[in-house]
Amino acid sequence: MKARVTVTLKTGVLDPQGKAIEGALGALGFDGIGSVRQGKVIDIELNDADKTAAEAKLADMCEKLLANTVIENYHIDIL
Amino acid sequence: MKARVTVTLKTGVLDPQGKAIEGALGALGFDGIGSVRQGKVIDIELNDADKTAAEAKLADMCEKLLANTVIENYHIDIL
Amino acid sequence: MKTAILVFPGTNREHDMAAAVRSVSGKDPMMVWHAETEIPQADLIILPGGFSYGDYLRSGAIAARSPIVADLLEKAKQGVRILGVCNGFQILTETGILPGALMRNAGLTFICKETKLRIERDDTIFTSSYKKGQVMRCPVAHHDGNFFADDDTLKMLEDDGRVLFRYCDAAGQATPEANINGSRNNIAGIMNARGTILGMMPHPENLIEDLHGGLDGRGLFESLLEKVA
Amino acid sequence: MSKNEPQITPELIAAHGLKPEEYNHILELIGREPTFTEFGIFSAMWNEHCSYKSSKKWLRTLPTKGPRVLQGPGENAGVVDIDDGQAVVFKMESHNHPSYIEPYQGAATGVGGILRDVFTMGARPIAAMNSLRFGVPEHERTRHVVSGVVAGVGGYGNSFGVPTVGGEVNFHASYNGNCLVNAFAAGLADSDKIFLSEAKGVGMPVVYLGAKTGRDGVGGATMASAEFDDDSEEKRPTVQVGDPFSEKRLMEATLELMKTGAVIAIQDMGAAGLTCSAVEMGAKGNLGIDLDLDKVPNREENMTPYEMMLSESQERMLMVLHPEKREAAEAVFRKWELDFAECGMTTDTLRFRIFHQGEMVADLPIKELGDEAPEYDRPWVETPKAAKLDNATVEAPKDLLESLVAMVGCKNLSSRRWVWEQYDTMIQGNTKQRPGGDAGVIRVDGGTKGLAFTVDVTPRYCKADPFEGGKQAVAEAWRNLNAVGAEPLATTDNLNFGNPEKPEIMGQFVGCIKGVGAACEALDMPIVSGNVSLYNETSGEAILPTPAIGAVGLLPDVMVSVGNGFVAEGDAILLVGGHGSEMGQSSYLSELCGREEGAPPPVDLAVEKKHGTFVREAIRAGEINAAHDISDGGLGVAVAEMAIRTGLGCTIELPSKDTHIAFYAEDQARYLITCDKDGVEALIAKAKAAGVPLEQIGSVAGEKLTVAGQGSVDVSKLATAHESWFPAYMAQ
Ligand SMILES: Nc1ncnc2c1ncn2[C@@H]1O[C@H](COP(=O)(O)OP(=O)(O)O)[C@@H](O)[C@H]1O
Ligand SMILES: [Mg+2]
């Protein structure tokens, strides 16, 4: 089973990377761009068979390691 | 319009961060984990109305800046 | 002999580089701001270390799209000598002037320490003051120095003798232990096919006087400044 | 006033860290109920962090003046003359609580804050240090905190471009729930071009510079008040995120702007950003300030005046500018792609007035905001003196040399290389001595002078005897500077303690301050800046009293300095200060015997001064090849470190009775030095004349460390033990 964890910054948390990308896109002549925010995806192969169990396991991984829940949200997709 | 660009490493490109996460998950006692790969998501707000035009623009952004096509693939989703 | 040092927002080793140029050549380099569209006539263009644009997105990525880069590409084509160190090397790969990419260090942490480099060739404008096979001391200070190139590119670099520096141990062996950042084939520095452009992760400019505890880095500047003079 | 503002209830008052009587004082002062914004402003100005209400009384007792002191405490950083029209500008600051919550960002923004303090004064940062204290390695959170804090310190400083030249790292159970992250920065300026925060002139523009304002850090005080905001908690991140890239540009722009002559007054926005900076500039200049919040660049939508006034967003500055230079100033900031917004004006009203969407949301007496802040003379009890340890209870190890391997490889004495290799230690090209020496040494750019930096404190000592511990922290800093040949100039302090409302804790604080003050006085190292961090407690358990002392020394010629490793075979090893017997609170006792007992070694400041001066002068005269102060772990650990540094061995001779005591005692005012064997006699004669005990205890030789009559150990074995602990721990 393959899963994708998407980790994004919580609203309101400063995102210097996103801001720099925003500026660079502007400088490259792309217009009409609002805010840019950067996050992470983590693709994980699991050998679980049960989707629900896998989801619970992934949530546990997010809480313990993959996301910094002080400033980040996470989202789990089983692919 | 909101779009999400997902940038992932090409197969064959080594991924130190993914490897480290893999190791850390193992150390935390998570088992049955195959490979882990880390990528980026870039969430962009656009004030385009036309989806096809937006997609073309985003692809252009990816080629010009958002992805390093020597090592990375990209994928565009209009949300 | 004129040297131009390119400065991007977030560049932070331009003074170290200028000091090295001054110390070896006795001449002040020109500092060129990234927003310029033309690099003044120079025999040598240097891209120094730092965190251009915070190294956000990818190290060197945003700088590689700066206005000044169009002219850098032009000068590269003309065969002007170019030296990219650390962030400068990252920028050179991001512009496509040099092949490959510099990824996060295999150990994931920033590394600042003295390393040893094996000189792979002494018949280039960059390394003529050294001897082939010589082991030089050289500091590193980077987070993204893990050189990657696909198998074909790597083979081409090796076959064409474009690898100039390799991380090695005291005996000159390019061992896995000596490979501080996980670079393929222990690569620390490569040049272009014409032999006019060098990109390297280590900082020779930080080992050029007694204060630094060694002079091993001087050779690079001596080779270059003499050759382009 | 705005209707949807929350009621100021007793709960809200408590959540803002104000006591009921403090709130009553506010009512008296302004003669009415404050608006919510005003209430926020008071809470920010009157909290412990900004007002120093518990510590002020005692801080006043510290010696802060000296012939070289150009600016003492009270500005963003202290300024000390280093001759030739140059000055060193430095300070230390804590970011303890944020670093425990979010180690990376907490530490990163701590470094950002202290760098900002330094360049706000007009100085370009040239060196940084960090003093870190963590819980015991076994504690479940420690590894996470260590890795995040170290990465954060490095992440910010490396990108900004300042070399980290020193620091300390310690582990102790008292920091399990409360790590300490104290960051030091020093900068270089022309002594006649120092910028201060005092506003001058009525009708001058107040300009906001740097990054935009978000809700960073606002939630902190108000999280407890549910009625404050019905949005989800997600909207109120309490963690500030650092952006070293913005800070680097902010520094370049600020220094460039200062050259234009446009700057009248400048203040960085640190804790309670806009509030503290504006009030300070106005109050110092006896001026009022009007601020128009509609002009403040915001990062988020619908920010309230309260949020804008309390935001702790990083990388921001407030300046009062000469109106005729306004355009030139703006151009500089635009070049560096930073925000520049004229958002206020100085007035002659002595009022602090805030406008928002056409409404006046605050109108407060500006002087009183600071001057009338509560000040407490908190009750304190003197810490009972611990009895001197009976050395008969200190068992000798089975094998002295094996115990040395354990000592140099233990959590608190092992090499910190794993830490400092993550810091850029050589950027700027002026580093002479990187971490690993007794003090970091850098060259003053463009000349031959050098500056030395160290940060020290032994909290175990402070707990057992705050007064002696306070003295010892300064004395150790003094020794570290002298050991590299630097003349100690001045100090900065970071006083980390528990809850000052407890008389025992306040007693620790008072004792340490008295000790620090006495030592700074006696050693001519005035305190020119500092920071106090109180309430470092979890579930009622306080941290060890930790008054970290950062100190700066001057070398007339940076190349006339020595390292702390053995230099050459045959060199004589000499002990300055005689053999010791103080085992109370020693590292040997705590690390190998598991006991934290007894009185700490007493510090004789006159002796300290005499010995340090002797060592410094010998270095300057070129008479010695290496020097190392004796501190944690005593002579044994010091000699092992000298051997490990360069891989050279030695043979030393110790008193045959109670050898382990002589080996590990932590008596103060001592150093190990080495010199050519032909130089021994002259050096000893010189020491005798100066009244300094000096004796040869051995020689540099071979690849083993040998203690006569006790056996020997390979230096490589010591080195492996020394270098292994940290990486092995972090790899788990
Ligand atoms: N957090 C740190 N950052 C940089 N250097 C450090 C840090 N911690 C320790 N060091 C360096 O490691 C060496 C040993 O530290 P320590 O034992 O505390 O020194 P000392 O006993 O001389 O005060 C010193 O050179 C010190 O500067
Ligand atoms: Mg020391």
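A note on names: the letters A, B, ... follow the listed sequences, proteins ahead of strands, and every chain is numbered from 1. A quick note: this is a predicted structure, and the numbers were derived from the prediction, not measured. Because only heavy atoms are used, hydrogens play no part in the values below, and waters and symmetry mates are left out as well, while side chains stay in.
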*Kindly give the heavy-atom pair with the smallest separation between C/Leu57 and A/Gln17, and that separation in Å.*
N-OE1, 2.9 Å
*Which bit of A/Ala27 is near chain C, if near means a heavy-atom gap under 4.5 Å: side chain, backbone, both or neither?*
neither
*asked:* For A/Ile21, which atoms come within 4.5 Å of any heavy atom of chain C: side chain, backbone, both, or neither?
replied: both
_Give me the atom names and distance for the closest heavy-atom approach of A/Ala20 to C/Ile62._
O-CD1, 3.8 Å
